[in-house]
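Below is one structure, written out as structure tokens, with a few remarks after it.
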Amino acid sequence: MAKDVIIACDFSSAEKTLDFLDLFTGHKPFVKIGMELYYAAGPEIVRQIKQRGHKIFLDLKLHDIPNTVHKAMKVLSSLNIDMTNVHAAGTIEMMKAAMEGLVREDGTRPLLIAVTQLTSTSEQRMQDELLIHASIQDTVAQYAHNAQMAGLDGVVCSPLEASLVKTNCGNNFITVTPGIRFADAAKDDQVRITTPAKAREIGSDYIVVGRPITAAQDPVAAYERCLHEFLE
Ligand code: C5P
């Protein structure tokens with residue numbers, strides 16, 4: 001299975017993003033475009049980054065009625081992205097609709113992964129506010145199972161949940177894991193973190209790395225360190 005480091009390009013404008021990507025003369029990193037950049041710069045930034053030869057994970061976490069998600073996914077798929085996502089909380093029916101919307105006329109489609117429980121949601125809040133009376137672990141396992149039933153390719157999860165997902169859904173079910181930090185670096189606002197090497201051991205297929213690369217003195221060196229620790 002493909003394993004890779006995805007750089008979270010959490011920038012506020014197209015200019016800042018393209019200036020950042022200009023640094024990578026010897027690499028074409030897999031890039032994650034999230035809500036901030038997409039809402040600021042629109043589909044044009046996706047086309048521009050694609051044109052430069054990067055793979056793109058469009059992280060917009062869709063969650064709406066199945067018909068709306070189906071139509072939205074059709075539009076996103078036409079941007080020739082490589083990976084995108086939905087909230088598993090939208091139900092199996094919504095995830096199936098998303099998948100159908102993504103299939104292009106030539107039969108190809110981007111990878112589709114589901115967000116299980118956001119890592120920012122604590123078990124306490126999930127139980128008290130969302131009235132989900134289960135453990136986070138059981139919820140993640142159930143949502144991952146639902147995503148698999150809907151035919152999705154995998155889930156976004158905490159690296160600490162990747163092995164739980166692999167045990168429940170099999171090794172071919174993709175895990176995409178943010179919350180990555182170097183052993184000698186700051187945690188920023190992330191709580192449940194792990195190193196690239198540990199993420200590999202646990203069974204992550206793709207690690208999503210933002211500030212350890214984007215805010216580094218030498219982003220290319222930080223990216224190469226991630227590749228080295230995660231892949232070798
Ligand atoms: O800068 P940092 O490495 O913390 O960035 C992680 C990226 O992964 C951000 O774009 C963040 O929104 C995203 N993410 C996350 N935790 C999740 C889902 C997505 O950190 N559960």
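In each ligand, atom 1 is the first atom listed, and ligand 1 is the first ligand listed.
The ligand atoms of ligand 1 that sit less than 4.0 angstrom from a heavy atom of R211 are 1 (O), 2 (P), 3 (O), 4 (O). Residue-ligand proximity, D10 to ligand 1, at heavy-atom distances under 4.0 Å covers atoms 9 (C), 10 (O). Against a heavy-atom cut-off of under 4.0 Å, G210 is close to the following atoms of ligand 1: 1 (O), 2 (P), 3 (O), 5 (O). Close approach to R181 involves these atoms of ligand 1, each under 4.0 Å from a residue heavy atom: 1 (O), 2 (P), 3 (O), 4 (O). Using a 4.0 Å cut-off to heavy atoms of P212, the atoms of ligand 1 that qualify are 3 (O). Contact atoms of ligand 1 toward A8: 7 (C), 10 (O) (distance under 4.0 Å to a heavy atom of the residue). Counting atoms of ligand 1 from 1 in the listed order, those under 4.0 Å from a heavy atom of T119 are 16 (N), 17 (C), 21 (N).
In terms of modelled atom types and a separation under 3.5 Å, the side chain of N85 and the main chain of K61 share a donor-acceptor contact. H54 places a side-chain N or O within donor-acceptor distance of the main-chain N or O of P29, the cut-off being under 3.5 Å.
In the model, Q142 has no side-chain atom that pairs as donor or acceptor with a side-chain atom of D138 under 3.5 Å. With no hydrogens or angles considered, no side-chain donor-acceptor pair links T121 and R125 at under 3.5 Å.
Following chains of ILVMFWY side-chain contacts shorter than 4.5 Å, one cannot reach I180 starting from I202, and the two form parts of different hydrophobic clusters.
Remark: D4 does not engage K28 in a salt bridge, criterion side-chain N to carboxylate O under 4.0 Å.
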